[in-house]
S.K.: 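One structure is given below, represented as structure tokens, and several questions about it will come after.
We count ligands from 1, going down the list as the structure has it; atoms in each ligand are counted the same way.
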Amino acid sequence: MISNLIKTKKTLIFMESHNPLSAIIVNNACYKKNNVIHKYDGIWSSSLADSLIKGIPDNETLNLKERIQNIFDIRSVTKLPIMIDADTGRNTEYFSYYVKIMQQVGINAVVIEDKKGIKKNSLLGLKVKQNLEDIEKFCNKIYIGKKQIYKKDFLIIARMEGLIAGKSISETIKRAFRATEAGADGILIHSIHNTPKEIINFSKLYKKKYPDIPLICIPTTYNSINYQELGKIGFNIIIYANHMIRSSYKIMEKISKLILKNKRTYDIENECISINQILIQ
Ligand code: SPV
Ligand code: MG
């Protein structure tokens with residue numbers, strides 16, 4: 001499904017959804033200009049957003065099986081492809097089980113990152129210790145996971161965290177080449193620089209060797225480059241990883257405060273979806 005979409009559209013845009021309601025909003029989001037309709041191509045199930053709604057840190061405390069079960073509910077409201085951020089994928093034995101149940105609930109792709117130990121969110125960068133997994137162990141996890149694929153189009157994507165862990169582009173690209181040789185169906189290169197310079201360099205080197213393997217990025221910190229520009233420099237999937245949860249957090253905080261301030265809800269009605277609109281959803 002995702003591979004075919006890339007063939008027809010080249011650059012796909014995925015947006016974070018953390019529950020069925022946010023998935024409905026992403027599914028229906030639409031912007032029309034000059035008779036061209038822009039829509040999201042897929043859903044990103046984020047470990048950060050899923051942890052945040054449970055009020056816990058993004059460090060794999062949240063059980064992956066629970067996250068997969070929640071996607072069963074999301075699948076019932078949208079046909080969009082769903083890509084799950086499975087952190088490290090846990091150990092190899094658990095990962096091979098998770099790959100099976102991900103396919104059962106209708107997930108289309110899983111991303112695992114080449115970190116080990118108690119995973120820390122990448123956006124923390126080097127403020128914390130980011131431990132990279134031995135590359136051969138990581139490749140073996142991909143290889144074992146791929147043996148569990150029974151749905152033709154299910155993808156296992158390798159997420160390279162070398163740049164997050166302070167390694168060089170050349171070291172990170174070597175690890176990405178190994179993951180590709182081990183059977184990864186795509187490479188996600190993560191960076192938290194505030195310019196896209198390093199992922200542009202990565203893309204040039206990677207695409208020179210593997211022009212047809214999908215390349216993915218998450219432009220959370222280098223956010224002034226747009227998705228069309230990222231597409232032109234070789235990225236096939238662009239993920240907006242946390243914007244549904246972050247925007248809803250902010251508006252909920254604002255409204256809850258304003259009701260206390262005004263001692264009534266009259267003043268904030270325009271900031272809320274109307275009851276009528278909710279009832280016809
Ligand atoms: C997530 O959305 O959980 C991610 C992306 O893994 S990041 O938060 O940038 O690490
Ligand atoms: Mg994550």
S.K.: How close do Ala109 and Ile2 get, heavy atom to heavy atom, and via which atoms?
M.R.: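 What the structure gives for the nearest pair is CB-CD1, 3.8 Å.
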S.K.: Could you say whether the N/O atoms of Ala49 and ligand 1 ever approach to under 3.5 Å?
M.R.: no
S.K.: Which of the numbered atoms in ligand 1 are under 4.0 angstrom from any heavy atom belonging to Ala241?
M.R.: 2 (O)
S.K.: Could you go step by step and tell me if Lys146 and Asp185 meet the salt bridge (Lys or Arg N to Asp or Glu O under 4.0 Å) rule?
M.R.: CA-CA 9 Å; Lys146 288 217 49 167; Asp185 301 297; 2.8 Å; yes
S.K.: Side chains of Ser47 and Asp58 only: does a donor on one sit below 3.5 Å from an acceptor on the other?
M.R.: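 Result is yes, a qualifying pair exists.
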S.K.: How many angstroms lie between OG in Ser168 and CG in Asn201, if you round to the nearest 0.5 Å?
M.R.: 12.0 Å
S.K.: For ligand 1, which is the ligand I care about here, please tell me if His190 has any N or O atom under 3.5 Å from one of the ligand's N or O atoms.
M.R.: yes
S.K.: Does ligand 1 have an atom under 4.0 Å from some heavy atom of Thr220?
M.R.: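 Outside the 4.0 Å threshold, so no.
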S.K.: Looking at Leu123, which atoms of ligand 1 are within less than 4.0 Å of one of its heavy atoms?
M.R.: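 That gives atoms 8 (O), 9 (O) of ligand 1.
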S.K.: Can you name the N, O or S atom of Asp85 that is closest to the Mg ion (ligand 2)?
M.R.: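 That would be atom OD2.
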S.K.: From Glu113, does some N, O or S atom reach closer than 2.8 Å to the Mg ion (ligand 2)?
M.R.: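 Glu113 does not place any N, O or S atom closer than 2.8 Å to the Mg ion (ligand 2).
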S.K.: Do me a favour and list the nearest non-hydrogen protein atom to atom 2 (O) of ligand 1 with residue, atom name and distance?
M.R.: Ser46 OG, 2.8 Å
S.K.: Spell out, yes or no, whether Ile144 and Val110 are grouped together once hydrophobic residues are joined by side-chain heavy atoms under 4.5 Å, including indirect joins.
M.R.: no
S.K.: Check each heavy atom of Asn121 against ligand 1 and say whether those closer than 4.0 Å belong to the side chain, the backbone, both or neither.
M.R.: side chain
S.K.: Is there an N/O/S atom in Ser122 at a distance below 2.8 Å from the Mg ion (ligand 2)?
M.R.: no
S.K.: With a 4.0 Å cut-off on heavy atoms, is Glu113 touching ligand 1?
M.R.: no
S.K.: Below 4.0 angstrom, N of the basic side chain to O of the carboxylate: do Glu171 and Lys174 qualify?
M.R.: no
S.K.: Determine the sole option in Lys141, Lys137, Arg175, Lys119 for which the salt bridge (Lys or Arg N to Asp or Glu O under 4.0 Å) test with Asp114 is passed.
M.R.: Arg175
S.K.: Does at least one non-hydrogen atom of Asp85 fall below 4.0 angstrom from an atom of ligand 1?
M.R.: yes
S.K.: Would you say the side-chain atoms of Lys207 pair up with the backbone N or O of Pro211, donor to acceptor, closer than 3.5 Å?
M.R.: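 Judged by distance alone, yes, a pair lies under 3.5 Å.
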S.K.: Does Arg159 come within less than 4.0 Å of ligand 1, judged by its heavy atoms?
M.R.: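 Within the 4.0 Å threshold, so yes.
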